[in-house]
Amino acid sequence: MQKFYKFKHNNLEVNKKSSSGGAFTLLSNKIFEKGGIVYGCVLDDEFNAIHIRAENKEIRNKMRGSKYIQSNILKSFDLVASDLKECHKVLFSGTPCQINAMLNYLKQKKISTKELITVEVICHGVGSSRFFHDYVKDKEKKEKSKAVDVCFRSKYRTGQKQDMSIKFKNGKAYHAASTNLDWFYSIYLKNLILRPSCYKCKFAKQDRIADISIADYWEKDETEDYSLIICNTDKGGRLLTNKIDGEFVEINKAKVHQPHMNAPCNKPIDREQFWKVYLYQGYEEVQKKWGNNTLKGRIKYMMAEILQILHITGIVKKMMKRAKND
Ligand SMILES: Cc1cc2nc3c(=O)[nH]c(=O)nc-3n(C[C@H](O)[C@H](O)[C@H](O)COP(=O)(O)OP(=O)(O)OC[C@H]3O[C@@H](n4cnc5c(N)ncnc54)[C@H](O)[C@@H]3O)c2cc1C
Ligand code: SF4
């Protein structure tokens with residue numbers, strides 16, 4: 001039977017570097033304690049999302065943070081297969097479709113999955129890497145400096161959980177003034193750049209493919225960052241016994257609001273048009289047609305920037321919520 005938990009790691013540094021409450025760090029630490037190996041997604045120096053193998057926490061730490069683009073699983077399948085053949089404990093993390101593909105691969109190769117733990121993210125869909133690279137190049141052009149670090153889930157703005165941050169070689173940084181006013185996020189969240197298969201994802205349902213599912217945990221008026229952990233199998237349950245480094249509370253399924261456990265994202269009616277313009281006329285043209293570069297958009301952006309500079313975004317949001325409820 002599925003069990004649902006909310007979780008927040010007790011190490012502040014882990015919380016800061018993780019997308020939500022640090023569930024992935026908790027689970028991967030448990031595998032390291034058993035002498036095992038962890039697989040997950042990192043951004044390489046060219047900002048390509050790729051899956052790699054980690055034998056220690058230093059490498060694993062690079063897997064923290066969601067990258068909302070398709071990850072290349074490269075040779076991970078072969079490496080997982082050989083680790084399992086050598087009887088290592090293995091934790092493989094990824095999107096549900098990647099886990100499904102890996103389980104199929106291991107089945108085909110007749111490799112036992114007894115020592116394998118699978119951890120999936122509840123998945124909105126993966127964005128286009130090509131679009132993301134154009135987005136980074138555009139930011140570099142504006143800053144006249146090379147990007148050296150990109151974080152999709154920066155916690156720069158107090159109380160905000162999903163912001164883009166880019167650090168440049170010249171020491172400067174871009175911090176999104178708001179999630180929806182960031183150009184990459186606005187297009188990703190409008191579902192315009194998702195992979196075609198994401199609109200008919202067969203994993204967007206209550207029954208899960210992995211031993212453990214992790215996601216953001218949303219609760220009304222909750223300002224702290226919690227992860228949602230769903231334990232789907234006995235194997236997953238065994239990993240979640242003994243000492244848990246953080247707040248770990250079982251919750252009722254009714255408290256879980258995860259649209260992608262019910263249905264995939266809708267395909268926008270202008271998706272084909274968007275891609276036609278992007279592929280034939282280029283990045284700048286789609287920015288003109290789908291961007292926030294209108295007077296209203298610019299005013300919104302300026303307001304968001306002022307709030308960010310004053311570090312009062314969280315406070316203003318709370319005040320607006322309270323006013324709405326009164
Ligand atoms: C593409 C994508 C879509 C998501 N959609 C949703 C959603 O709709 N709703 C929701 O509640 N949560 C979603 N999540 C999950 C959420 O972003 C966090 O991963 C989750 O809250 C766990 O947080 P954490 O603090 O444990 O994560 P972290 O410590 O930040 O761990 C990140 C984990 O995600 C994996 N990962 C990162 N990027 C990728 C990638 N490109 N492909 C495969 N695996 C990756 C890493 O291997 C690692 O296991 C999504 C994640 C991804 C990657
Ligand atoms: S939405 Fe479905 S098909 Fe798309 S990446 Fe996520 S799991 Fe895979």
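Both backbone and side-chain heavy atoms feed into the values below; hydrogens, waters and symmetry mates do not. All values derive from a computational prediction rather than experimental measurement. Counting starts at 1 for both ligands and their atoms, in listed order.
No side-chain N or O of Arg153 forms a donor-acceptor pair with one of Ser66 less than 3.5 Å apart. Checking Tyr39 against Asp83 by side-chain atom types alone, a donor-acceptor pair falls below 3.5 Å.
By the neighbour-count criterion of 12 heavy atoms within 6.0 Å, atom CD of Gln108 is sparsely surrounded, having that number or fewer from other residues, nucleotides or ligands.
Tally of protein N, O or S atoms closer to atom 6 (Fe) of ligand 2 than 2.8 Å: 1.
Checked against the 6.0 Å centroid threshold, Phe92 and His51 count as a close aromatic pair. Here Phe152 and Phe132 bring their ring centres to under 6.0 angstrom of each other.
Residues satisfying the side-chain hydrogen bond (donor to acceptor under 3.5 Å, both in side chains) test with Glu115, not counting sequence neighbours, are Lys89. In this structure, the side-chain hydrogen bond (donor to acceptor under 3.5 Å, both in side chains) partners of Asp270, at least two apart in sequence or on a different chain, are Trp290.
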Could you list each N/O atom of ligand 1 together with any protein N/O atom closer than 3.5 Å, one pair per line with the distance?
from: ligand 1; atom 1: 5 (N); to: Ile122; atom 2: O; distance (Å): 3.0
from: ligand 1; atom 1: 5 (N); to: His124; atom 2: N; distance (Å): 3.0
from: ligand 1; atom 1: 8 (O); to: His124; atom 2: N; distance (Å): 3.4
from: ligand 1; atom 1: 11 (O); to: Asp216; atom 2: N; distance (Å): 2.9
from: ligand 1; atom 1: 11 (O); to: Gln258; atom 2: OE1; distance (Å): 3.4
from: ligand 1; atom 1: 11 (O); to: Gln258; atom 2: NE2; distance (Å): 3.0
from: ligand 1; atom 1: 14 (N); to: Ile122; atom 2: O; distance (Å): 3.3
from: ligand 1; atom 1: 17 (O); to: Ser66; atom 2: OG; distance (Å): 2.6
from: ligand 1; atom 1: 17 (O); to: Tyr68; atom 2: OH; distance (Å): 2.9
from: ligand 1; atom 1: 17 (O); to: Arg153; atom 2: NH1; distance (Å): 3.2
from: ligand 1; atom 1: 19 (O); to: Ser66; atom 2: OG; distance (Å): 3.0
from: ligand 1; atom 1: 21 (O); to: Ser20; atom 2: OG; distance (Å): 2.6
from: ligand 1; atom 1: 21 (O); to: Ala215; atom 2: O; distance (Å): 3.0
from: ligand 1; atom 1: 21 (O); to: Asp216; atom 2: N; distance (Å): 3.1
from: ligand 1; atom 1: 21 (O); to: Asp216; atom 2: OD1; distance (Å): 2.6
from: ligand 1; atom 1: 23 (O); to: Ser20; atom 2: OG; distance (Å): 2.9
from: ligand 1; atom 1: 25 (O); to: Ser19; atom 2: N; distance (Å): 3.4
from: ligand 1; atom 1: 25 (O); to: Ser20; atom 2: N; distance (Å): 2.9
from: ligand 1; atom 1: 25 (O); to: Ser20; atom 2: OG; distance (Å): 3.4
from: ligand 1; atom 1: 25 (O); to: Gly22; atom 2: N; distance (Å): 2.9
from: ligand 1; atom 1: 26 (O); to: Ala23; atom 2: N; distance (Å): 2.9
from: ligand 1; atom 1: 26 (O); to: Phe24; atom 2: N; distance (Å): 2.8
from: ligand 1; atom 1: 30 (O); to: Ser19; atom 2: N; distance (Å): 2.9
from: ligand 1; atom 1: 30 (O); to: Ser19; atom 2: OG; distance (Å): 2.7
from: ligand 1; atom 1: 30 (O); to: Gly65; atom 2: N; distance (Å): 2.6
from: ligand 1; atom 1: 38 (N); to: Lys67; atom 2: N; distance (Å): 3.0
from: ligand 1; atom 1: 41 (N); to: Lys67; atom 2: O; distance (Å): 2.7
from: ligand 1; atom 1: 41 (N); to: Ile69; atom 2: O; distance (Å): 2.9
from: ligand 1; atom 1: 47 (O); to: Cys41; atom 2: N; distance (Å): 2.9
from: ligand 1; atom 1: 47 (O); to: Ser93; atom 2: OG; distance (Å): 2.9
from: ligand 1; atom 1: 49 (O); to: Ser93; atom 2: OG; distance (Å): 2.9

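Considering all non-hydrogen atoms of both residues, Thr95 and Val121 come closest at CA-CG2, 4.1 Å.
Of the options Tyr135, Tyr188, Tyr283, a side chain to side chain donor-acceptor pair (under 3.5 Å) to Trp183 is made by Tyr283 and by none of the others.
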